[in-house]
Amino acid sequence: MRFAVYAPLVLSVLLSALAGVLARRAEPALAARVLAPAAVLTAAATVWSLVLLAAALLGDVPPLVREARADGRPVTDPVPGAIGFAACLALVVVAVRLRRAVRAERNARSALRRLTAGQPAGTELIVAACEVPRAFAIPGRPGRILVTSAMLRALAPAERRVLLAHERAHLHHRHGLLVTAVTLAAAADPLLGPVRTAVVFLVERWADERAAAAVGDRRATARALARAALSAGRTGTACALQFTDRAVTRRIAALQTGPLPCLWSAALAVLALGALPALLAADATGDLLALLSGMLG
Amino acid sequence: MAGRGSRGRAERRSAGALESEVLAALWATERPLTPAEIQHGIGGGLAYNTVHTILKRLYDKGLVLRDADGRRGAYRPAKNAAELTAEAMHEALDRGPDPIAALQQFVTGLSAEEERALRELLAGDGA
């Protein structure tokens with residue numbers, strides 16, 4: 001129990017380190033598909049470990065200890081009280097963070113629903129007459145693509161096709177779900193923050209690759225990204241948007257080189273790393289139950 | 001801006017996707033476009049009749065208008081609905097922590113150095 005209960009924390013850090021490598025080296029669709037479930041499993045195991053550490057405080061409850069001593073049963077306390085209390089505090093923080101993340105997700109979703117309300121049925125593209133170049137996918141049934149008129153004017157015809165294909169890929173492959181999953185995982189386990197960053201980057205790369213395939217032209221795809229980024233920068237909105245370090249430049253560079261290898265071995269390693277904390281947490285659960293039942297007789 | 005719309009190996013596009021492309025083409029320019037101009041502009045070997053059918057569908061939805069005082073047969077995008085959408089978008093953005101920043105933006109911000117590199121890329125491609 002001593003090792004297993006702390007392992008998910010260590011594995012969260014390992015997974016985060018691996019996520020950065022995968023984001024640069026592996027085929028984006030595969031990398032995102034393994035990182036997201038691994039992050040969710042690891043976060044769940046981490047939270048469960050905190051629950052176990054907090055529950056181990058039960059072993060310190062005076063009546064239990066007294067009773068166990070009186071019956072001559074061994075009193076073993078694998079978790080120092082201070083750590084138990086720290087785990088309780090951490091659980092409160094996790095609950096607050098999760099609640100905030102869920103609320104933010106829900107707000108974003110309802111704001112988007114308002115945007116699509118009143119649009120004619122069966123149209124994919126929603127245009128907003130607006131001088132700020134913006135484009136994003138709105139998940140739903142059916143999914144929609146919102147693009148501002150400034151963005152459409154900034155792009156050449158082939159580049160507009162790239163933009164539409166990119167957003168369509170987000171909708172078709174349900175990237176919104178993947179991002180929501182890692183966002184909640186990172187809210188529950190802040191050590192997984194880098195995994196979230198990697199997955200957010202990877203779904204963009206994934207959509208870029210699908211757009212390049214749909215248009216049949218990697219260079220046009222790179223140009224579309226460059227032009228969209230430049231026109232968004234010109235209007236001074238860049239600082240208002242989330243700033244992913246060098247993200248656009250890295251996406252363009254990736255399009256200028258060939259497609260990346262699948263790296264199945266790395267993907268399997270990530271999945272194993274994601275499953276490990278869950279197994280260890282189960283192991284630690286068994287230990288705690290044995291400990292408590294031993295004390296309770 | 002070289003309109004390299006038709007690049008053989010592109011995927012077959014669905015009716016919905018074609019509709020989006022025609023609407024995007026109309027929004028990309030200030031002046032109304034005729035079906036022939038759209039056909040030429042978006043490329044991909046679309047038949048004139050297909051463009052015409054798509055325009056009619058967009059017209060029925062109220063997304064495009066026939067240009068009344070301009071050339072016969074030219075279309076322009078309907079601004080009213082798009083202005084309402086823009087208002088709704090700004091409202092959503094103003095509402096506390098940016099809900100749309102949490103979504104996938106097509107592109108995000110740039111540093112000065114990155115901007116220079118991108119300009120060089122576009123210039124180098126001769127586009």
Side-chain angles (χ1 to χ4, degrees), chain A residues 104 107-108 111 114-115 120 122-130 134-137 145-149 152-153 155-158 160-161 163-164 166-168 170 175 179 203-204 214-217 219-220 222-223 225-230 232-233 238-239 241-244 246-249 252, chain B residues 1-5 7-11 13 16-17 19-21 23-25 27-30 41-44 58 61-63 77 79 81-86 88-92 95-111 114-115 117-119 121-122 125 127:
Chain A
N107 282 349
R114 276 193 298 277
L115 278 181
T123 41
E124 176 193 48
L125 175 66
I126 301 176
V127 179
C130 172
R134 270 175 185 273
F136 48 87
I145 299 168
L146 197 148
V147 186
T148 64
S149 48
L152 292 173
R153 274 203 305 274
L155 301 177
R160 291 198 298 268
R161 278 177 61 197
L163 168 68
L164 292 172
H166 173 104
E167 301 301 343
R168 211 169 277 141
H170 279 323
H175 290 167
V179 171
V203 296
E204 293 304 325
V215 178
D217 187 345
R219 284 179 56 179
R223 266 204 315 277
L225 282 180
R227 218 185 292 283
L230 283 174
C239 50
L241 304 177
Q242 73 201 43
F243 196 102
T244 323
R246 296 186 167 272
V248 181
T249 321
I252 291 171
Chain B
M1 309 245 274
R4 294 194 221 171
R7 277 256 173 172
R9 292 161 294 126
E11 274 171 15
R13 290 165 282 176
E19 220 176 285
S20 302
E21 267 182 58
L23 187 59
W27 272 102
T29 165
E30 291 294 332
I42 65 177
L58 287 170
K61 288 179 183 172
L63 294 172
K79 297 263 156 77
E83 274 158 12
L84 287 178
T85 303
M89 188 180 81
H90 290 138
E91 216 173 279
R95 198 183 285 266
D98 187 349
I100 292 172
L103 303 168
Q104 287 98 58
Q105 290 268 359
F106 185 51
V107 288
T108 48
L110 287 179
S111 71
E114 286 175 305
E115 200 170 320
L118 295 189
R119 273 185 214 294
L121 165 79
L122 289 175
D125 265 11

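Letters A, B, ... mirror the listed sequences (proteins, then strands); counts begin at 1. Scope of the values below: all heavy atoms of this structure, side chains included, with no hydrogens, waters or symmetry mates.
The choice from A:T123, A:I252, A:I126 that makes the most heavy-atom pairs within less than 4.5 Å of chain B is A:T123. Between chain A and the residues B:A86, B:G16, B:S20, the most heavy-atom pairs under 4.5 angstrom are made by B:S20.
Going from atom CZ of A:R223 over to atom CG of B:L121 covers 8.0 Å, rounded to the nearest 0.5 Å. Residue A:L125 holds its CG atom at 9.0 Å from CG of B:L63, rounded to the nearest 0.5 Å. Atom CE in B:M89 sits 8.0 Å away from atom CG in A:L115 (nearest 0.5 Å).
Of all heavy-atom pairs spanning A:G122 and B:E19, the tightest one is O-OE2, 4.1 Å. Smallest separation of non-hydrogen atoms from A:R160 and B:A28: NH1-CB, 3.1 Å. Nearest heavy-atom pair across A:C130 and B:H90 is SG-NE2, 3.6 Å. The heavy-atom pair separating B:E83 from A:A129 by the smallest distance is CG-CB, 3.8 Å.
Looking at B:L84, neither its backbone nor its side chain comes within 4.5 Å of chain A, counting heavy atoms on both sides. Contacts of B:E21 with chain A are made by both backbone and side-chain atoms, with heavy-atom separations under 4.5 Å. Heavy atoms closer than 4.5 Å to chain B are found nowhere in A:I145, neither backbone nor side chain. Contacts of B:A24 with chain A are made by both backbone and side-chain atoms, with heavy-atom separations under 4.5 Å.
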**OP:** Decide yes or no on side chain to side chain contact (heavy atoms under 4.5 Å, CB included) for A:S149 and B:K79, but give the supporting numbers first.
**Re:** CA-CA 10 Å; A:S149 48; B:K79 297 263 156 77; over 6 Å; no
